[in-house]
Amino acid sequence: MGVAGATSGDSASNGGQAAAANNPYLAHLQPAASSGFGGVYGKSHPFHGLIPGKTTVEQQLAIEAGGINGFTGQPYSDKYREILKKRQELPVQKQRGNFLKLVHENQFVVLVGETGSGKTTQIPQFLLFDELPQLKGKMIACTQPRRVAAMSVAQRVADELDVKLSEEVGYSIRFEDCTSKSTVLKYMTDGMLLREAMTDPTLERYSAIILDEAHERTLSTDILMGLIKEVAAKRPDLKVIVMSATLDAEKFQRYFNDAPLLTVPGRTFPVEVFYTPEPERDYVEAAIKTALQIHMSEPEGDVLLFLTGEEEIEDACRKIRAQGDRLIQQGACGPLKVIPLYSTLPPHMQQRIFEQAPAPRTEGGPPGRKIVVSTNIAETSLTIDGIVYVIDPGFAKQNVYNPRVRVESLLVSPISKAAAQQRAGRAGRTRPGKCFRLYTEKAFVKELQEQTYPEILRCNLSVVVLQLKKIGIDDLVHFDFMDPPAPETLMRALELLNYLGALDDEGELTEFGAKMSEFPLDPQLAKMLMDSPKFKCSQEILSVAAMLSVPNVFMRPREAQRQADAAKANFAHIDGDHLTLLNVYHAYRAQNCSSDWCWDNFLNHRSLKAADNVREQLRRIMERTGIELTSTPFDSPSYYTNIRKALVSGFFMQVAHVERNGHYLTVKDNQVVLLHPSTVLDRKPEWVLYNEFVLTSKNYIRTITEVRAEWLLDIAPQYYDLSTFPSCEAKRVLERILTQRKFRDEHDSDKKKDKREKKEKKRRRTDKSVISSETSSKMVRLNMSKV
DNA sequence: GAGCACTGC
């Protein structure tokens, strides 16, 4: 992944230091030396006359129309002038004066700009020429919810400013920092800015921050808003622009101390909205019918149909194709191209949405049509040109978190009015369009909520709490969230972090917790990683943690389920799914990360590649934080038990015990759960540790490994304090073990103890060697033959 | 014997 011409690192300023000192055009590279912080530009400089925070539209226009680029000292290119003409036609240009006035007079500005207004590319530039952050040795940040947006917008703006991407304009996303010492405008993901805040809590390196797409209310944007509100109170010099695409601006204004509002019209075409007169019983059937009706009776133009998930979409595609074929044979309409779209689809399949609609079969015959059947990936992340008709059944899968049982689940639920509007808007990007809503107008008005619940109200907050504690926000209950999460969700997070040792009993961040927060992982995974040297298996746990933080690697196509299951069985480890994942990773590396090999073994290459990336990132953090990288020799009998013990040190709260009736109960919570059918375990071990609890048709625990009761008691005594247990079978079993231990300890003669200790010492000595990566293919072979 | 909406560090 990457943008052509993108570079990372600070090559931009290499060798530029000497030149900069004598070159007035390059003064921004050395503001301290040339003019001092807060200084101004000299007479010969294109930026001469600009006073930070006091520029005028005329000044900015004159600079843009000038001959010399103030950033590079070079004459503007022809391409620059060409782009400039187009920029001048964007609706947001008419508001430049108003924008500058508001920014001069206010710390916070809320800007609502509809699709096509040009806000994402232009506003940061208006601000750049007004702020002149280079004079203060600072930057302007503009956040985006998605990586691709950060990359592509940065490239576009670099072109508009006639500079090389990574120099004055750059971007920063996970796994890729495309900025340099000369960067003054930085596009970045919101998550990335939040990461930075953990080491720079007052965001000193920025003179202004633009939060774009704030209406999406991503978890990171919400936390950033709370944080920036606090920082701004301490830093009157910091400018904050909040940009949103919806009419929900009032809420943002109120939140940011009654900030002024600037509204910029968009540039889209009208979309006529139709409702069904009666509620539809089966929205998929209704959607298919509507799609075919459009094809038969509406003029040329492509169709976008929103459904909720992969299976539903593939199913609908098949049905539309089948029924479409029948109509075509009857000569009732032109040819159809039906294309599915969802995120787990391989990239070359996703590309198909950009194909042209099929041509009519005979010249002058009925027109061909493209129908894209998509999840709400097409609502925000992907834009398909040429869509004229949208079919909106009004549903989407949404994540819901229940703190009481600590379970996240995906539920098909009605979308919000804002989302419905967004969907409809997809029909009007190239010409006037139509949107068919498969619900009544009354339902739209009365039943749909205004906005989608922000993510912060729908998810487990343990990562959020850890991050905020690291940033130095101690009082989370009184932290000014735009929408405060349920106290119970916060309590659950605090409790978990306390058990993991990240917070002490007063709720203060411990040193251990501070280190944990460095890892871009769930706290359980971070804890497991940090404890893994104790069990001499940090190399292996690194791999397991990476595999657990990427999408499922096992593919199971409907038409080849048995082959896929057989392929998976080759990697199965007798002790469970975590070690199976480790086998897969080792085999993948032993096969030189071959994508063909992945395909042959029904493995998702994209996921494995991601796991490899994540592993490398985690390994670096381990090195930086001084956590030892070590392994138990593969031929040691404790190789796998050590790994399983390390799993326990992170996931001791996610353990289930099988009851005499064959049901599993989660420890302490006593929830009845079933082993997910995807597990490689073909028996029912007494104690299992699980990675996640999913609520679908039943209560399932997924990604499971057998563990031993003794480990639970030894590794997590703080949680397995039996006085805190409700009365249950698991408690009785654990009690029995403790009694036996006490008995044994009392009757153990000193001699026996001595012997045991000696043996233990010897074992420790033999465990010290570290395996090299060269042996990894051998490891896989050995291990596979064991199974 | 069953599913993985979508992002992000």
Side-chain angles (χ1 to χ4, degrees), chain A residues 143-150 172-177 188-199 213 216-224 306-315 341-345 374-382 395-400 408-413 415 419 422 452 454-456 458-459 463-464 466-467 470 517-523 525-526 546 549-558 561-562 564-565 604 606-607 610 613-614 617-618 620-621 674-682 692 694-703:
Chain A
T143 68
Q144 298 293 321
R146 282 166 292 279
R147 286 188 216 165
V148 260
S172 180
I173 59 177
R174 188 183 192 180
F175 305 128
E176 199 185 350
D177 180 16
M188 62 206 299
T189 46
D190 47 13
M192 199 71 200
L193 184 58
L194 191 56
R195 265 287 133 192
E196 284 188 0
M198 289 168 59
T199 50
E213 315 289 356
E216 287 194 31
R217 304 291 306 277
T218 67
L219 191 54
S220 297
T221 296
D222 264 29
I223 304 167
L224 280 172
F306 286 101
L307 289 177
T308 66
E310 173 176 343
E311 204 177 314
E312 207 175 79
I313 286 169
E314 292 292 356
D315 219 50
L341 177 65
Y342 42 89
S343 73
T344 50
L345 212 57
S374 170
T375 59
N376 43 10
I377 190 174
E379 201 178 289
T380 48
S381 307
L382 276 172
F395 292 99
K397 278 193 191 168
Q398 282 192 313
N399 198 11
V400 188
E408 287 184 306
S409 43
L410 271 182
L411 291 178
V412 173
S413 32
I415 61 170
Q422 177 78 14
T452 311
E455 201 182 349
I456 199 163
R458 292 186 285 119
C459 71
V463 177
V464 174
L466 190 60
Q467 281 173 337
K470 177 67 174 35
S517 72
E518 302 259 324
F519 292 91
L521 291 174
D522 272 343
L525 287 167
S549 21
V550 296
N552 187 10
V553 297
F554 297 108
M555 309 228 280
R556 202 164 182 263
R558 197 209 278 258
Q561 293 188 343
R562 280 175 64 188
D565 291 345
N604 185 338
R606 225 203 302 186
S607 284
N613 266 331
V614 173
Q617 189 189 28
L618 298 177
R620 289 217 187 113
I621 300 172
L674 296 172
L675 305 190
H676 195 274
S678 63
T679 184
V680 300
L681 288 175
D682 53 3
E692 54 182 349
V694 286
L695 179 66
T696 50
S697 50
K698 296 185 180 104
N699 283 347
Y700 285 113
I701 50 176
R702 193 159 54 190
T703 311

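Protein chains get the first letters and strands the later ones, always in sequence-line order, with residue 1 at the start of each.
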task: Mind checking Pro551(A) for me? I need base, sugar-phosphate or nothing, with any heavy atom below 4.0 Å counting as a touch.
output: nothing

query: First contact, last contact: which nucleotides of DNA chain B are these for chain A, 5' to 3', heavy-atom distance under 4.0 Å?
result: dG1(B) to dC9(B)

5'-most by nearest nucleotide on DNA chain B - Leu521(A) or Thr375(A): Thr375(A)

- request: With sequence neighbours left out, write down each residue that passes side-chain contact (heavy atoms from CB on, under 4.5 Å) with Met188(A), or none if nothing qualifies.
  value: Ala141(A), Thr143(A), Ser172(A), Lys186(A), Met192(A), Leu193(A), Glu196(A), Tyr206(A)

field: Set of side-chain contact (heavy atoms from CB on, under 4.5 Å) partners for Asn613(A), sequence neighbours left out
entry: Phe175(A)

- prompt: Reckon Phe175(A) touches a base, only the sugar-phosphate, or nothing at all at heavy-atom distances under 4.0 Å?
  reply: nothing

- request: Scan Leu410(A) against the nucleic acid and name what it touches under 4.0 Å (heavy atoms): base, sugar-phosphate only, or nothing.
  value: base

- prompt: Just checking Asn552(A): base, sugar-phosphate only, or nothing, at a heavy-atom cut-off of under 4.0 Å?
  reply: base

- prompt: Touch check for Tyr700(A), heavy atoms < 4.0 angstrom, all strands: base, sugar-phosphate only, or nothing?
  reply: sugar-phosphate

query: Are any non-hydrogen side-chain atoms of Lys397(A) and Glu312(A) less than 4.5 angstrom apart?
result: no

query: Less than 4.5 Å apart, any side-chain heavy atom of Asp522(A) and any of Val463(A)?
result: yes

message: At 4.0 Å (heavy atoms only), tell me whether Glu518(A) reaches a base, stays on the sugar-phosphate, or touches nothing.
response: nothing

- prompt: With a non-hydrogen cut-off below 4.0 angstrom, is Arg146(A) in contact with a base, only sugar-phosphate, or nothing?
  reply: sugar-phosphate

Backbone of Pro551(A) reached by a side-chain donor or acceptor of Ser607(A) within 3.5 Å: yes

message: What contact category does Asn399(A) fall into here, base, sugar-phosphate, or nothing, at under 4.0 angstrom with non-hydrogen atoms?
response: base

- request: Look at all strands and tell whether Thr189(A) reaches a base, only sugar-phosphate, or nothing, counting heavy atoms closer than 4.0 Å.
  value: sugar-phosphate

task: Give a yes or no on whether the backbone of Glu379(A) and the side-chain of Asn376(A) come within a donor-acceptor separation of less than 3.5 Å.
output: no

